[in-house]
Amino acid sequence: MIPTRRKFLSLAVAAPFAAVAAGRAMAETPACYDPVNLPLSQQSMRRSLGFVAVSTDPKKRCDLCAFFKAGAAGCGTCQLLSGGPVGAGSVCTSFAAKAG
Ligand code: SF4
């Protein structure tokens, strides 16, 4: 299907804003690890847990999760990921709030 001129122009206008928003989210994520160089087992576990580097819910973040162990500023490890590195602002579908 060939996109209409109007649709093409709307995408052309929106794309730079989306790129800026994505770049801003990445900039706020500390460099706790290099996702490209994670062992395949870590990458597989992250996929199966629906892991995302930047949580969109301020109440669901790794640093608020019972499985998180704090490390260097903004970073830590996750017990469910076999002690793999995570960012404090990341999250996955197995999030479990710390006991208050
Ligand atoms: S279980 Fe999920 S939300 Fe909790 S620390 Fe691990 S990756 Fe983060």
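Every heavy atom of this structure was used, including side-chain atoms; hydrogens, water molecules and symmetry mates were not. Every number for a ligand or one of its atoms is a count from 1 in the order of the listing. Numbers for residues simply follow the sequence, beginning at 1.
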Closer than 4.0 Å to some heavy atom of L80 - which atoms of ligand 1 meet that? 1 (S)
In the single-linkage hydrophobic clustering (I, L, V, M, F, W, Y; side-chain heavy atoms under 4.5 Å), do M45 and Y33 co-cluster? yes
Going by the order shown, which atoms of ligand 1 are within less than 4.0 Å of some heavy atom of F67? 1 (S)
Are the side chains of R46 and L81 in contact, using a 4.5 Å heavy-atom criterion? yes
Of the listed options A97, A88, C92, S94, closest to atom 3 (S) of ligand 1 (non-hydrogen atoms): C92
Does R61 make a cation-pi contact with F67, if we ask for NZ or CZ under 6.0 Å from the ring centre and within 45° of the axis? no
Given V91 and V52, is the side chain to side chain contact (heavy atoms under 4.5 Å, CB included) satisfied, shown in steps? CA-CA 6 Å; V91 75; V52 292; 3.5 Å; yes
When you measure from atom 4 (Fe) of ligand 1 to the N, O or S atoms of C65, does any of those distances fall below 2.8 Å? yes
Counting backbone and side chain alike, does C62 bring an N/O/S atom below 2.8 Å of atom 2 (Fe) of ligand 1? no
When distances are taken from atom 6 (Fe) of ligand 1, the protein heavy atom at minimum range is C78 SG, 2.2 Å
C78 and C65: CA distance, side-chain angles, deciding distance, disulfide (SG to SG under 2.5 Å) verdict: CA-CA 9 Å; C78 170; C65 178; over 6 Å; no
